[in-house]
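A short worksheet on the structure shown next.
Note that the coordinates shown come from a computational prediction; the quantities given were computed from them, not determined experimentally. Every chain is numbered from 1 and lettered A, B, ... according to where its sequence line falls, protein lines coming before strand lines.
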Amino acid sequence: MSGASCKANGAVYPASSVMMNSVKKPKMEQIQADHELFLQAFEKPTQIYRFLRTRNLIAPIFLHRTLTFMSHRNTRTNAKRKTFKVDDMLQRVEKMKGDQESQSLSSHLQLTFTGFFHKDEKPSQNSENEQNSVSLEVLLVKVCHKKRKDVSCPIKQVPTGKKQVPLNPDSNQTKPGSYPSLLVSSNEFEPSNSHMVKSYSLLFRVSRTGRRDTNETPSRKKRSSSHREDGETTETYVAQMTVFDKNRRLQLLDGEYEVSMQGMEDNPVSKKRATWETILDGKRLPPFETFSQGPTLQFTLRWTGDASDKSTAPVAKPLATRNSDSSSPMETRTSTLRAAPVAVKDSVSTDVQMRREQVLCEPRQKLRIFYQFLYNNNTRQQTEARDDLHCPWCTLNCRKLYSLLKHLKLSHSRFIFNYVPHPKGARIDVSINECYDGSYVGNPQDIHSQPGFAFSRNGPVKRTAVTHILVCRPKRTKPSLSEFLESEDGELEQQRTYVSGHNRLYFHSDSCMPLRPQEMDIDSEDERDPEWLREKTATQLEEFTDVNEGEKEVMKLWNLHVMKHGFIADNQMNQASMLFVENCGAYIARRNLCRNFLLHLVSMHDFNLVSVATIDRAMVRLRQIQEEGNAIEKR
Amino acid sequence: MEGASTPVPLHSQKKTMTAYELRRRVKSEYMRLRQLKRFRRADEVKSMFNTNRQKIMERTDILNQEWKTRRIQPIISVLTLPVVCVQCTVDSGFSEFSKQVIPLKTLNAVASVPVMYSWSPLQQNFMVEDETVLHNIPYMGDEILDQDGTFIEELIKNYDGKVHGDRECGFINDEIFVELVSALTQYSDNEDDDEEEEQDFKVDKMELCDGKEHPEDPRKDPLISRTNNDSTKKFPSDKIFEAISSMFPDKGSTEELKEKYKELTEQQLPGALPPECTPNIDGPNARSVQREQSLHSFHTLFCRRCFKYDCFLHPFHATPNTYKRKNMENLVDSKPCGIDCYMYLVQVSSHVTQPSFSFIQFHFLNFHSFVLVFIMFAEGNSRCQTPVKMKLTCDPEAVDWSGAEASLFRVLIGTYYDNYCAIARLIGTKTCRQVYEFRVKESSIIARAPAEDEDTPPRKKKRKHRLWATHCRKIQLKKDGSSNHVYNYQPCDHPRQPCDSSCPCVTAQNFCEKFCQCSSECQNRFPGCRCKAQCNTKQCPCYLAVRECDPDLCLTCGAAEHWDSKNVSCKNCSIQRGAKKHLLLAPSDVAGWGIFIKEPVQKNEFISEYCGEIISQDEADRRGKVYDKYMCSFLFNLNNDFVVDATRKGNKIRFANHSVNPNCYAKVMMVNGDHRIGIFAKRAIQTGEELFFDYRSVTRERLHNTRFILFIHIKHIMHDTGRLQSHILIG
């Protein structure tokens, strides 16, 4: 099974695995050029999606199983919700607290040994008094970082316990509870003080005395590799498994393991001599042959920990991908992994979850999916056949064709996917989405965490208004593959973004400074009379040589007045003149411009813009203002 | 100078020396002055730069002040790595200085913004003149300069090889010329001998004669005498002009230069106003002048279309001489203004007064009878038996009229005619009696009341629209063969001639506007709409003619109401009212900067006016060459005569990007006599959407020289308007 998934390993390298549709075999350069074109079209988005996939694995922003079209990925049922009561929560918490107190050990590695299997031995049927167990010693080997004085890496061996393990047990007979088990506290895996530990591994050492040596007690320590006692033979088998490699990656996940043991005659394999093939009696064996040949130790490994704090045991989570199957512990050379659907709880591993899915959907994977990449003006097409329902870009197992298509369409919108039914399964036409809208849709505060005034301590301040949809239950149509068929029209309309709002940082158009949220509502740069224009009209009038200073002054005042209020109609002029007196009357009086102002009004009258009555009224008002001004001066 | 230091050189030798030496001196002096000028210019630039800098500093200070008042709490970004406290240490290596330690703080990377070339904000178009000199050689990176040197050459060729600040040796302006002459005079003063003096004397005499030619101008006299004083002291010798002339042959002969020098030095005298300038009426030097003189500046500078003096948009302003008064306002107060009113002077008895006033009114139409009327008044006065008679005895000559008062009187008499009370009120310092008496004295200058329109005989109001319709049909026939050219509107001014085929408005296929000098009954005038709806359908003749509603013509649709509020019932007056939408600037999703809308808008709603500099088509061609090279153009064809260029001046909509599937469209509309570009929503636009319009529909394709086709299809519109008008009549 592991092998099967290995075959499906990796993301798409479509270019490398393409099969040409054309009948004739093109020349090499042509292939090269075609390849270039293909890369040109598809390389960038593919890289982007690969990056996004990794990012989503490390820090997911959503879970696929919560999507409606991926609901089959959700293993939980909401059945319990119906009977849910708030009071239950308290009960549960109290119960959990009690459990915790009983479990003093915060977290530990639990090894439950199923048995030691050695084919040389006859199965222990007649074994009441026969020796049917072997002594197993488990040592935790800490390989430390080399210090300057050290010649080789210092190794610390910490004995963790000794157990009697049944020899060749019959799995049917033994009760599961009766297996011997060992606990290794996770404290052991904490970085120790004296030496920086590079890697941790478990060393299993099985000692099996000869048939006569029935009285051997487990308490007797056997440090030496092999020795004879009273002429009896004691065989010792060893095996080593890495728990954490030197990058502090956890290599042993929960599961059932079977370790192939080696006789002690040859020293425990050092890393330098490690090879990839197994050699038995000078002959090379296929990898899995050792399991049928050599002695093996079966055990179940489990990381247990607090219910409250699951993350104590594994330090670094491996990437939960299909690829991780292939990175099974290498140093043990000969360990394999059995899927353990029962033993595993949702402790660590999405990895295991993934694997389980594969198990489940394997039988249905007879559907063939052809990806047809369209590029270079739709003229050249290349296809790639695949036989599973994984998304080629993010390796997500969609498990249903509908889900796959929906996922592709929604998550990889840099491409356009069109579904075409195919006798063997499905064909998906992939082309580049020219109208892809990469604009950010989300909270603008997220993208530019500028030290805004929103975080000022001096009381509340304004923030940019952002609309979040909390609940949206649109009417959904029944899922149907027909929605992925190429539509004839309305394509453009559909590609418009539906998310609207101010989800970007705006800038002042004059200074290019970021616009602060409290400045959003004022259109500061759209004034009718910007400063430069006011200055310009003044200088322009000043340049006239044959206009006297009194005229210039009134003209400037009037121009500024008109610019400020933006008068547009003839019939506004009477009103504008009166407003002018109100606003500038005091200044006109002070600067002694009354007669010039009167000339201005008469001129306006000559242009048919103001009435005589307006002139009268404006002048009366001006005199009034003048007198008021004088009165104030006197005081 | 050696020549000068040698006491008695040979005469002939000296002569040759001076000819050569002078030439050399001219050159050296010229160079010195040029350099001096350059230094001065550099200093100016420096100080200007410093003042600008000061402004920026002030601005920054204001901003910083604001920041200081608020204690800012930094945001810990969610995505940052687990906070590691790294110590930063600076070790000087000297024992006396302690180690400086501070925790390392990393600042978030700030994304850079797209490039923006500086521009000036503007909300209304701004007309600029053609540039005859290339102001700067555009820099577009070294590689372009290297690979395409011919481009710059061609560019300079467009400007006839003139580049701003080019230091060609023949360059000489008035200022340098005067300085050069005065500098050379100083040298030559040393060697000036009798013959030179003689010449000077001659010049003096000539000048004096000049002065005598205008003895009636008292103001000019002292100036000229002063000039004479100056010139007697140091009017430069002919040799200097000879030398300069030989040095710069293109600047004219010796005599020409001399004349020019005289002219320039005269003008330089302080306190001299050009003769055409009227002194300030509020100032101490106010003189008594004619009405036209007093109002000359106001009349010529006022733009009747912008209501501003020396406006930015219209280079030619019509003077009001030919404008006619719409209505005869109440020219004469019917009641005396007080007990001292002049009316008591003229009032004999109630039954006498009445006819005399009717006479006054009559005289408005009949200028020649005016004197006659006054004789009648005088007679009335003498016969008057009222107490007013007593007042009359007070001596009218005793009142002193200042120049300002006299000028003001002449101005007002042209507006108020015989309403002396009003005039007196406005003058403020004189009573109406005094005004009246002054009026009698001044009877030689009499303002005439405007006559009825003589140019175009008035038509009956009722028939107006029907005539309009037939006229439209007429024009439509004429325009059948014409293309889609749209010309700029220029108010027509052809007195006593109806707007026929010779009228510029008609030939340019524009309607006559309220700014035209023709009668308001002119056939070519657009009548405006009488809509009661929103004027946003083709039912509205204004909308149909791609015009905004004129607030002085369309009085029912609401275009002339609610000046302060944004809620105008008429939706066809947005450009003139500047009812633009709030736009926000941000880096575009497409390229460079983009413009985003703050609030959602409906389809066909007005978004903003595309403002900029208005330049001629030729200028646009020249500028366009540079813009094309930059791959960035803000040119926008307005009509056959002008182009809007938002490169240097503009408003925010200039940042809207091009799209083949845009959400906005541009429409050139006639707005109160000006073509203006409105940007409208092509579909409903959501909050925060970026705005696009199709550049192709509006920008000129310079290469193929195909002019942008305006949206107005005159033929169609004319036809429809005609039909509509008849509909309106029926309805």
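Ring orientation note: the planes of B:H299 and A:F607 are nearly perpendicular, at an angle over 60° on the 30°/60° scale. Between B:F302 and A:H600, the ring planes lie perpendicular to each other; the angle is over 60°, past the 30° to 60° tilted range.
Atom NZ in B:K514 sits 12.5 Å away from atom CG in A:N608 (nearest 0.5 Å). Rounded to the nearest 0.5 Å, atoms CZ (B:R304) and CG (A:D570) are 4.0 Å apart. B:N651 CG to A:S509 OG: the interatomic distance, rounded to the nearest 0.5 Å, is 9.5 Å. Atom CD of A:E543 is separated from atom CG of B:D310 by 9.0 Å, given to the nearest 0.5 angstrom. Summarising the geometry, atom CG belonging to B:L426 is positioned 11.5 Å from atom SG belonging to A:C594; distances are rounded to the nearest 0.5 Å. Here B:C311 contributes atom SG and A:N559 contributes atom CG; the two are 9.0 Å apart, rounded to the nearest 0.5 Å.
Residues of residues 576-584 of chain A placed with any heavy atom under 4.5 Å of a heavy atom in chain B are absent; none qualify.
A pairwise comparison of heavy atoms in A:N596 and B:F298 identifies O-CZ, 3.6 Å as the closest pair. The two residues A:A569 and B:P551 make their nearest non-hydrogen contact at CB-CG, 3.4 Å. Across A:Y506 and B:G688, no two heavy atoms sit closer than the pair OH-CA, 4.0 Å. Nearest heavy atoms, A:L505 versus B:A586: O-CB, 3.4 Å. Listed here is the closest heavy atom pair of B:Q123 and A:R528: CG-CA, 4.0 Å. Residues A:V562 and B:F307 share a closest heavy-atom pair of CG2-O, 3.6 Å.
Counting heavy atoms from C-beta on, the side chains of B:C306 and A:F567 never come closer than 4.5 Å. Under the 4.5 Å side-chain criterion, counting only non-hydrogen atoms from C-beta, B:W119 is not in contact with A:D510. Side-chain contact between A:I568 and B:V671: absent, with no pair of heavy atoms (C-beta onward) separated by less than 4.5 Å.
Contacts of A:E553 with chain B are absent, with no heavy-atom separation under 4.5 Å from either backbone or side chain. Neither the backbone nor the side chain of A:R591 comes within contact range of chain B; no heavy atoms are under 4.5 Å apart. Contact of B:R305 with chain A is not made at all, since no heavy-atom distance falls under 4.5 Å. For chain B, the nearby part of A:L598 is the side chain; its heavy atoms alone come within less than 4.5 Å. Of the two parts of B:L583, only the backbone, made up of N, CA, C and O, holds a non-hydrogen atom closer than 4.5 Å to a non-hydrogen atom of chain A. When heavy atoms are compared at a cutoff of 4.5 Å, B:I595 does not approach chain A at all. In this structure, the portions of B:L584 lying under 4.5 Å from any heavy atom of chain A include both its backbone and its side chain.
Counting heavy-atom neighbours within 6.0 Å of A:F62 CZ, excluding the residue itself, gives a total above 12.
Of the residues considered (A:E531, A:H508, A:E551), A:E551 shows the highest number of contacts with chain B, using heavy-atom pairs under 4.5 Å. The residue among A:M563, A:M619, A:K536 with the most heavy atom pairs within less than 4.5 Å of chain B is A:K536. Ranked by non-hydrogen atom pairs under 4.5 Å with chain A, the options B:S608, B:S297, B:P600 are led by B:S297. Ranked by non-hydrogen atom pairs under 4.5 Å with chain B, the options A:M604, A:H561, A:Q540, A:K552 are led by A:Q540. Between chain B and the options A:L622, A:N548, A:V554, the largest number of non-hydrogen pairs under 4.5 Å is found for A:N548.
Without hydrogens or angle criteria, A:W532 side chain to B:L122 main chain gives no donor-acceptor distance under 3.5 Å. With hydrogens and angles ignored, the 3.5 Å screen pairs a side-chain donor or acceptor of B:D552 with a backbone N or O of A:N571.
Residues that satisfy the side chain to side chain donor-acceptor pair (under 3.5 Å) test with B:K580, not counting sequence neighbours, are absent from this structure.
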